[in-house]
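Everything numeric in this text was worked out from a predicted model, so none of it was measured.
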Amino acid sequence: MTERPIREGDGLQGHTTAPGGAEHVADPTGWGLNSTGWVAVAALIVLAIMLWKKVPGLIGGMLDSRIAAIRAQLDEAAKLRAEAEALRAEYETRAKTAQAEAEQMREHARQEAHHIVVKAKEDAEALMERRAKMAEDKIAAAERAAIAEVRARAAEAAAKAAGLLIAEHLGADADRALVDRSISGLGRPN
């Protein structure tokens, strides 16, 4: 690298060469401030302008309004959560009630089915008893009819036999004597 002579007014104060051949150039300055000084001055100017324009108040107001909005959202969320928990509790109660009602309905249906089965058995037994009674009545009627027929035939056979016996043993003379006795017995009191 070539060395340049320092000229007056170019803002450079000096030129050095470090041992080992590395060059070190001094920072440029203006009005007695180096680059770090000018950054600090610019930062102070920006801060002054921000204070003059009341930027911290604006930022604080924006943050306060944002905090208020977040609080409102949190309050709304808390209300919604309380409502949701109330609804959940209500639905749990309804579900338990519905389950209890369903169990009662099942038990009632079982009892009704049991009563229907018992009634059907009773009705079937009553029907069998009525049919057995009807069969017994038919048998008894058939027995009575058979006995009446047997009696009628027996009476008919007895009448025929009596007629034959009378015809064999009684003649006209015996008939007259029997008629006379019967007529004479009519006039007397018993």
Side-chain angles (χ1 to χ4, degrees), residues 1-140:
M1 190 176 257
T2 61
E3 291 187 19
R4 292 183 320 164
I6 298 175
R7 288 181 276 167
E8 226 175 279
D10 65 358
L12 298 175
Q13 294 183 357
H15 180 311
T16 61
T17 303
E23 287 186 32
H24 177 66
V25 179
D27 288 333
T29 61
W31 291 327
L33 297 174
N34 63 5
S35 61
T36 305
W38 283 110
V39 169
V41 169
L44 286 174
I45 292 172
V46 168
L47 286 174
I49 292 172
M50 289 174 72
L51 290 173
W52 177 61
K53 293 287 188 175
K54 298 181 182 171
V55 172
L58 292 173
I59 291 173
M62 287 177 12
L63 288 176
D64 288 343
S65 66
R66 182 69 181 149
I67 288 170
I70 290 171
R71 279 191 185 135
Q73 289 175 354
L74 287 174
D75 291 343
E76 181 70 21
K79 287 178 187 176
L80 289 174
R81 180 179 179 165
E83 289 177 9
E85 287 176 357
L87 283 174
R88 186 187 79 196
E90 180 182 344
Y91 284 122
E92 284 176 355
T93 304
R94 284 185 184 179
K96 289 177 183 177
T97 303
Q99 186 176 5
E101 287 176 0
E103 187 59 37
Q104 287 176 349
M105 291 171 74
R106 271 189 291 240
E107 185 60 32
H108 183 67
R110 283 187 200 122
Q111 289 175 354
E112 282 186 9
H114 177 70
H115 290 307
I116 289 171
V117 168
V118 168
K119 180 141 177 51
K121 285 180 181 178
E122 290 173 356
D123 290 347
E125 288 174 4
L127 179 64
M128 288 189 307
E129 287 177 12
R130 282 195 305 268
R131 289 202 176 165
K133 178 80 172 135
M134 288 171 53
E136 289 172 2
D137 290 345
K138 284 182 181 180
I139 291 170

Per-pair distances, 0.1 Å, donor-acceptor, side chain in residues 104-127, under 3.5 Å, sequence neighbours excluded:
residue: Arg106; atom: NE; partner: Glu103; partner atom: OE1; Å: 3.4
residue: Arg106; atom: NH2; partner: Glu103; partner atom: OE1; Å: 2.9
residue: Glu107; atom: OE1; partner: Arg110; partner atom: NH1; Å: 3.3
residue: His108; atom: NE2; partner: Glu112; partner atom: OE2; Å: 2.4
residue: Lys119; atom: NZ; partner: Asp123; partner atom: OD1; Å: 3.4

Atom pairs and distances, side-chain donor-acceptor, residues 81-96, under 3.5 Å, sequence neighbours left out:
residue: Arg81; atom: NE; partner: Glu85; partner atom: OE2; Å: 3.1
residue: Glu90; atom: OE2; partner: Arg94; partner atom: NE; Å: 3.4
residue: Glu90; atom: OE2; partner: Arg94; partner atom: NH2; Å: 2.6
residue: Thr93; atom: OG1; partner: Ala89; partner atom: O; Å: 2.8

Listed by chain and number, what are the side-chain contact (heavy atoms from CB on, under 4.5 Å) partners of [X], not counting sequence neighbours?
X	answer
Leu51	Pro56
Lys138	none
Leu44	none

Would you mind writing out the side-chain donor-acceptor pairs for residues 58-71 within the sub-3.5 Å range, not counting sequence neighbours?
residue: Ser65; atom: OG; partner: Gly61; partner atom: O; Å: 3.3
residue: Ser65; atom: OG; partner: Met62; partner atom: O; Å: 2.8

Original post:
With Asp137, which residues qualify under salt bridge (Lys or Arg N to Asp or Glu O under 4.0 Å), at least two apart?
Top reply: Lys133

Original post:
Which residue pairs pass the ring-ring contact (aromatic ring centres under 6.0 Å, His included) test when at least one of the two sits in residues 42-63, sequence neighbours left out?
Top reply: none

